[in-house]
Amino acid sequence: MLVRDAMSTVILTLGPAHTLRQAAALMSARRVGAAVVLDPDAGGIGILTERDILNSVGLGQSPDAERTHAHTTTDVVFAAPTWTLEEAARAMAHGGFRHLIVLDRGEVAGIVSVRDIIRSWVPAREPAPVP
């Protein structure tokens with residue numbers, strides 16, 4: 001199975017000036033663990049994860065004052081839609097992260113997460129029989 005078969009194509013995109021509280025609220029509402037941050041001044045495409053927000057709050061920083069640009073990972077490992085899920089899982093395990101932005105011809109095409117890969121590898125649970 002390929003990354004394109006498992007990735008999410010509905011992507012939450014943030015700007016560099018969003019506060020971490022705004023980012024957290026949007027991520028929570030969409031039930032996603034990562035957002036793509038588009039910041040042309042800082043190199044283009046980055047990723048903000050729930051872990052980034054948690055680390056900031058854990059350091060005592062204010063989610064109302066902190067901006068996404070200060071917490072965005074910009075040295076991103078990108079996946080191609082033609083990667084196998086094994087290649088994506090290997091990249092995640094090697095890099096110690098749970099999300100990959102998927103680029104297709106230089107454009108953001110989706111995000112694939114560890115959860116997406118697991119869902120593809122493990123058949124969906126069947127409903128429990130009713131007694």
Side-chain angles (χ1 to χ4, degrees):
M1 185 169 273
L2 302 178
V3 165
R4 76 168 141 244
D5 301 319
M7 72 183 188
S8 179
T9 57
V10 178
I11 306 157
L12 175 58
T13 304
L14 302 172
H18 279 89
T19 66
L20 291 188
R21 183 175 307 280
Q22 291 169 322
L26 290 167
M27 290 166 69
S28 177
R30 298 240 184 129
R31 299 179 53 117
V32 297
V36 173
V37 179
L38 300 177
D39 187 354
D41 295 333
I45 301 170
I47 190 166
L48 179 78
T49 68
E50 57 199 356
R51 184 181 305 162
D52 298 322
I53 296 169
L54 183 67
N55 287 341
S56 174
V57 172
L59 289 171
Q61 297 173 334
S62 169
D64 294 311
E66 292 296 311
R67 304 292 173 175
T68 58
H69 71 84
H71 301 278
T72 298
T73 300
T74 55
D75 59 338
V76 178
V77 174
F78 296 102
T82 55
W83 280 15
T84 65
L85 293 183
E86 289 81 7
E87 288 173 299
R90 193 174 302 112
M92 290 178 191
H94 178 72
F97 43 79
R98 298 176 294 165
H99 300 86
L100 287 168
I101 298 174
V102 182
L103 289 186
D104 190 10
R105 298 183 186 123
E107 298 293 322
V108 176
I111 291 184
V112 65
S113 69
V114 170
R115 181 177 292 163
D116 296 327
I117 293 171
I118 290 170
R119 284 182 183 149
S120 296
W121 285 346
V122 177
R125 293 189 316 181
E126 295 187 19
V130 178

Trainee: Closest approach of A17 and Q22, non-hydrogen atoms and distance?
Mentor: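 Looking at all heavy atoms of both residues, the shortest contact is O-OE1, 4.4 Å.
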Trainee: Looking at D116 and S8, what are the two nearest heavy atoms and their distance?
Mentor: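 Taking D116 first and S8 second, the nearest heavy atoms are OD2-N, 4.2 Å.
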Trainee: Please find the pair of heavy atoms, one from P16 and one from R67, that lie closest to each other, and give the distance.
Mentor: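 In this case the closest contact between P16 and R67 is O-CB, 3.6 Å.
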Trainee: Can you give me the closest heavy-atom contact between F97 and A91, atom names plus distance?
Mentor: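 Shortest heavy-atom separation between F97 and A91 comes out as CZ-O, 3.6 Å.
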Trainee: Taking C-beta and beyond as the side chain, do L100 and M92 meet within less than 4.5 Å on heavy atoms?
Mentor: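 Side-chain contact under 4.5 Å: yes.
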Trainee: Could you name each residue pair satisfying salt bridge (Lys or Arg N to Asp or Glu O under 4.0 Å) that touches residues 6-20, not counting sequence neighbours?
Mentor: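 Not a single pair qualifies under salt bridge (Lys or Arg N to Asp or Glu O under 4.0 Å).
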Trainee: Find the distance between CD1 (I117) and CE (M1) and round it off to the nearest 0.5 Å.
Mentor: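 Between I117 CD1 and M1 CE, I get 11.0 Å after rounding to 0.5 Å.
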Trainee: When you compare the side chain of R4 with that of V102, does any pair of heavy atoms fall below 4.5 Å?
Mentor: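 Side chain of V102 against side chain of R4, heavy atoms only: no contact under 4.5 Å found.
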Trainee: What is the distance from atom OG1 of T84 to atom CD of E86, rounded to the nearest 0.5 Å?
Mentor: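 One finds 4.5 Å between OG1 of T84 and CD of E86.
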Trainee: Mark yes or no for whether T73, through its side chain, and V76, through its backbone, hold a donor-acceptor pair below 3.5 Å.
Mentor: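 No, the answer is negative, given that no donor and acceptor are paired below the 3.5 Å cut-off.
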Trainee: So do I111 and M7 actually touch side chain to side chain, heavy atoms under 4.5 Å?
Mentor: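 Result no, sub-4.5 Å side-chain heavy-atom pair not found.
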Trainee: Quick one: CZ on R105 to CG on L103, what's the gap to the nearest 0.5 Å?
Mentor: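 Answer for the CZ-CG pair, R105 versus L103, is 12.5 Å.
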Trainee: Between T72 and D39, does the side chain to side chain contact (heavy atoms under 4.5 Å, CB included) criterion hold? Intermediate values first, please.
Mentor: CA-CA 10 Å; T72 298; D39 187 354; over 6 Å; no
Trainee: Tell me the closest heavy-atom pair linking A23 and I53, and the distance in Å.
Mentor: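 So the minimum-distance heavy-atom pair works out to CB-CD1, 4.3 Å.
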Trainee: Look at the side-chain heavy atoms of Ile, Leu, Val, Met, Phe, Trp and Tyr, link any pair under 4.5 Å apart, and say whether L38 and L20 land in one connected group.
Mentor: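 Looking at the clustering, L20 is in a separate group from L38.
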Trainee: Just do the side chain to side chain contact (heavy atoms under 4.5 Å, CB included) check on I45 and F78 with the steps written out, would you?
Mentor: CA-CA 10 Å; I45 301 170; F78 296 102; 3.8 Å; yes
Trainee: Should E50 and R98 count as side-chain neighbours, where that means a heavy-atom distance under 4.5 Å?
Mentor: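 Yes; the side chains approach each other to less than 4.5 Å.
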Trainee: Could you tell me if the side chain of H99 sits less than 4.5 Å from the side chain of I101, heavy atoms only?
Mentor: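 A side-chain contact is absent here, since even the closest heavy-atom pair is not under 4.5 Å.
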Trainee: Is there a chain of hydrophobic side chains (I, L, V, M, F, W, Y, each step under 4.5 Å between heavy atoms) that links V32 to L26?
Mentor: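 Result: yes, single cluster for both.
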Trainee: Answer whether the closest heavy-atom distance between the side chains of L48 and H71 falls below 4.5 Å.
Mentor: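 Answer yes - side chains close enough.
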Trainee: What pair of heavy atoms forms the shortest contact from G15 to H18, and how long is it?
Mentor: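 Closest approach of G15 to H18: N-ND1, 3.0 Å.
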Trainee: Under 4.5 Å between any side-chain heavy atoms of I47 and V36, yes or no?
Mentor: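 The answer is no, as the side chains (C-beta and beyond) never meet within the 4.5 Å cut-off.
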Trainee: Within the distance-only criterion (no hydrogens, no angle test), does the side chain of N55 pair as donor or acceptor with the backbone N or O of D52 below 3.5 angstrom?
Mentor: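 Side chain of N55 to backbone of D52: no pair is present.
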Trainee: What distance do S28 atom OG and R21 atom CZ have between them, rounded to the nearest 0.5 Å?
Mentor: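 Atom-to-atom, S28:OG and R21:CZ are 12.0 Å apart.
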Trainee: Are L12 and L54 in one and the same hydrophobic cluster, where Ile, Leu, Val, Met, Phe, Trp and Tyr link if side-chain heavy atoms are under 4.5 Å apart?
Mentor: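 They do not share one cluster, since no chain of ILVMFWY contacts under 4.5 Å joins L12 to L54.
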Trainee: Among V112, L85, V3, find the one that has a side-chain contact (heavy atoms from CB on, under 4.5 Å) with S120.
Mentor: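 Of all the options given, the one that passes is L85.
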